[in-house]
Amino acid sequence: MTYLEERVKIADFNRLWEEAITLPDGSYSRRQTDDEAEREFWKGFMGRKRSYQRDDMAETVMEAVRKLLADCRTASILEIGPGWGNYTMELAKLCGRMTCVDISPEVLSYIDQTAREQEIRHVTGVCSKWETFSSAERYDVVFGYNCFYRMRSLEECFRKMNETAEKMCIAGMNMGFMPPYYMEMKRELGCRLTYGKKDMIYFINVLYAMGIDAGMTVIPLKKKFLYDDLEQMVSGETSRVDAGADWVKDHKEQISQILQNYFRYNEEGKLEYEYSFRGALVYWKPKEQLS
């Protein structure tokens with residue numbers, strides 16, 4: 001048997017992550033740098049949300065989370081950035097005390113209201129962004145899913161998760177590769193696309209450099225896109241085209257033809273396309289000494 005004298009030197013994935021979350025011109029979006037802009041976004045989002053409804057894929061991810069926690073006697077869970085509560089209420093069923101940390105008071109108010117409607121009495125909120133959150137208490141599990149888009153330093157984020165958790169840390173995200181019709185638009189029409197480059201590979205490598213050998217579960221996911229008509233389909237499926245409304249208008253017929261190669265009318269007469277992608281859960285037991 002051979003042994004490593006020290007960890008393999010790898011690229012600085014913390015820096016690469018920071019590059020991955022930037023805009024094409026190398027800048028950051030206003031929501032990434034301006035806390036008030038982030039609060040305003042969620043204030044508007046929650047103002048439009050009429051009732052509690054989880055994403056279709058949330059239960060698939062939650063099944064994987066339950067398996068990870070099956071042998072963990074979980075008294076308390078802290079969730080980072082719960083958003084509209086895709087996982088919050090189900091996580092609350094696994095513990096006796098559920099705490100949510102979020103920068104938005106409207107998010108926390110919505111989570112509190114939903115918990116009361118479902119007669120879940122042990123959910124509390126802390127209004128803070130994760131980067132500035134502090135607690136003398138340690139929680140059995142610290143969980144976050146799709147909440148890392150503003151965190152420019154994954155290392156600092158994971159260090160805080162590590163020091164706040166007693167038994168397990170779970171960091172997850174969706175990894176939605178670009179639907180093929182966008183690549184066809186780029187190839188046939190010469191348009192530029194905007195898309196994120198986030199992937200679980202950054203999580204694994206940042207943790208490795210910190211001295212943590214994390215586990216990973218990759219989760220196959222599917223999402224259906226539905227539109228009432230061609231006009232709505234073109235409008236909805238050009239969000240990643242970085243060319244402006246006038247360009248989309250001028251190429252509307254060509255875009256529609258490309259999309260119709262993928263979208264089909266279902267039994268209800270709606271245009272439908274099912275998109276396959278992945279989610280990932282990266283998890284580890286808290287470690288006292290980090291690199």
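Smallest separation of non-hydrogen atoms from Val123 and Cys100: CG1-SG, 4.3 Å. Minimum interatomic distance between Leu226 and Asn266 (heavy atoms only, all atoms of both residues): CD2-ND2, 3.7 Å. Across all their heavy atoms, Ile170 and Met161 have their closest contact at O-CE, 3.6 Å. The minimum heavy-atom distance linking Met233 with Tyr227 is given by the pair CA-CG, 3.6 Å. Scanning all heavy atoms of the two residues, the minimum distance from Gly85 to Tyr52 falls at O-OH, 2.7 Å. Of all non-hydrogen atoms in Lys198 and Met175, the two that sit nearest each other are O-CG, 4.4 Å.
Defined by atom type and a distance below 3.5 Å, a donor-acceptor pair is present between the side-chain atoms of Tyr145 and Asn174. The closest side-chain donor-acceptor pair between Arg31 and Tyr149 falls under 3.5 angstrom. With hydrogens and angles left out, the side-chain atoms of Glu59 and Tyr87 include no donor and acceptor closer than 3.5 Å. Between Thr22 and Glu19, the side chains place no donor N or O within less than 3.5 Å of an acceptor N or O (distance only, hydrogens not considered).
Salt bridge present: Asp35 and Lys129 bring a charged side-chain N and a carboxylate O closer than 4.0 Å. Classification of Arg66 and Glu63 as a salt-bridged pair fails, no side-chain N sitting under 4.0 Å from a carboxylate O. Taking a cutoff of 4.0 Å between a charged side-chain nitrogen and a carboxylate oxygen, Glu36 and Arg39 qualify as a salt bridge. Taking 4.0 Å as the cut-off between side-chain N and carboxylate O, Arg264 and Glu272 do not count as a salt-bridged pair. Between Arg138 and Glu288 there is a salt bridge, with a side-chain nitrogen of the basic residue lying less than 4.0 Å from a carboxylate oxygen of the acidic one. We find that Arg152 and Glu131 are not joined by a salt bridge, their nearest charged nitrogen and carboxylate oxygen being 4.0 Å or further apart.
Residues passing the side chain to side chain contact (heavy atoms under 4.5 Å, CB included) test with Lys223 are Phe225, Phe277, sequence neighbours excluded.
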Trace of the side chain to side chain donor-acceptor pair (under 3.5 Å) decision for Glu237 with Tyr181
CA-CA 9 Å; Glu237 292 305 318; Tyr181 44 81; 2.6 Å; yes
As a quick check of understanding, evaluate side-chain contact (heavy atoms from CB on, under 4.5 Å) for Met183 and Leu193, giving each step before the final call.
CA-CA 8 Å; Met183 305 312 294; Leu193 304 176; 4.0 Å; yes
Is there a salt bridge (charged side-chain N to carboxylate O under 4.0 Å, His left out) between Glu90 and Lys93 once you walk through the steps?
CA-CA 5 Å; Glu90 294 303 310; Lys93 295 174 183 178; 3.0 Å; yes
Applying side-chain contact (heavy atoms from CB on, under 4.5 Å) to Ile80 and Leu78, what does each step give before you reach the verdict?
CA-CA 7 Å; Ile80 305 166; Leu78 181 146; 3.9 Å; yes
Quick one, Arg159 with Glu163, criterion salt bridge (charged side-chain N to carboxylate O under 4.0 Å, His left out). Give me CA distance, side-chain angles, the key distance, then yes/no.
CA-CA 6 Å; Arg159 283 185 184 276; Glu163 69 186 24; over 6 Å; no
Given Val142 and Trp130, is the side-chain contact (heavy atoms from CB on, under 4.5 Å) satisfied, shown in steps?
CA-CA 11 Å; Val142 175; Trp130 179 244; 4.3 Å; yes
After noting the C-alpha distance and the side-chain angles of Ser235 and Glu231, does the key distance pass the side chain to side chain donor-acceptor pair (under 3.5 Å) rule?
CA-CA 6 Å; Ser235 176; Glu231 186 87 20; over 6 Å; no
Using the rule given for side-chain contact (heavy atoms from CB on, under 4.5 Å), can you reason through Ser153 versus Asn14, listing the C-alpha separation, both sets of side-chain angles and the distance that settles it, and then say yes or no?
CA-CA 6 Å; Ser153 174; Asn14 196 54; 3.4 Å; yes
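For the atom pair Leu207 CG and Met200 CE, the distance stands at 13.0 Å (nearest 0.5 Å). Note that OG1 of Thr124 and CZ of Arg97 are 8.0 Å apart. Values are rounded to the nearest 0.5 Å. If you take CG on Leu221 and CE on Met57, they are separated by 6.5 Å, rounding to the nearest 0.5 Å. Considering CD of Gln260 and CD1 of Ile255, their distance stands at 12.0 Å, rounded to 0.5 Å. Remark: Ile111 CD1 to Met89 CE distance equals 4.5 Å, nearest 0.5 Å. Taken from NZ in Lys160 to OG in Ser134, the straight-line distance is 7.0 Å, to the nearest 0.5 Å.
Side-chain N or O atoms of Ser76 include one that pairs as donor or acceptor with a backbone N or O of Asp140 at under 3.5 Å. Without hydrogens or angle criteria, His251 side chain to Asp246 main chain gives no donor-acceptor distance under 3.5 Å. Side-chain atoms of Asn205 do not come within 3.5 Å of backbone N or O of Phe13 as any donor-acceptor pair. In terms of modelled atom types and a separation under 3.5 Å, the side chain of Thr74 and the main chain of Cys72 share a donor-acceptor contact. In this structure, the side chain of Arg50 engages the main chain of Gly47 through a donor-acceptor pair within 3.5 Å.
Grouping the Ile, Leu, Val, Met, Phe, Trp and Tyr side chains by contacts below 4.5 angstrom, directly or via other members, places Val61 with Trp84.
Atom NZ of Lys285 has 12 or fewer heavy atoms from other residues, nucleotides or ligands within 6.0 Å. Around the CZ atom of Arg121, the shell of radius 6.0 Å holds more than 12 heavy atoms that belong to other residues, nucleotides or ligands. For Gln118, the CD atom sits in a packed shell: over 12 heavy atoms of surrounding residues, nucleotides or ligands are nearer than 6.0 Å. By the 6.0 Å contact criterion, CD on Glu117 is enclosed, its count of non-hydrogen atoms from other residues, nucleotides or ligands being greater than 12. Summarising the local packing, CG of Asp229 is surrounded by more than 12 heavy atoms from other residues, nucleotides or ligands at distances under 6.0 Å. Counted within 6.0 Å of NZ on Lys43, heavy atoms from surrounding residues, nucleotides or ligands total 12 or fewer; the atom is thus considered open. Within a 6.0 Å radius of CG in Asn261, more than 12 heavy atoms belonging to other residues, nucleotides or ligands are found. Residue-environment remark: CZ (Arg15) exceeds the threshold of 12 foreign heavy atoms within 6.0 Å.
Annotation: cation-pi geometry satisfied between Arg7 and Tyr208 (NZ/CZ under 6.0 angstrom from ring centroid, within 45° of ring axis).
The aromatic rings of Tyr273 and Phe263 sit tilted relative to each other, their planes meeting at an angle between 30° and 60°. Ring geometry for Trp42 against Phe45 counts as perpendicular: the plane angle is over 60°, on a 0 to 90° scale with 30° as the lower cut.
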Show which side-chain atoms of residues 101-110 pair as donor or acceptor with protein atoms under 3.5 Å away, not counting sequence neighbours.
{"unit_1": "Asp102", "atom_1": "OD1", "unit_2": "Ser104", "atom_2": "N", "d": "2.8"}
{"unit_1": "Ser104", "atom_1": "OG", "unit_2": "Glu106", "atom_2": "N", "d": "3.2"}
{"unit_1": "Ser104", "atom_1": "OG", "unit_2": "Val107", "atom_2": "N", "d": "3.1"}

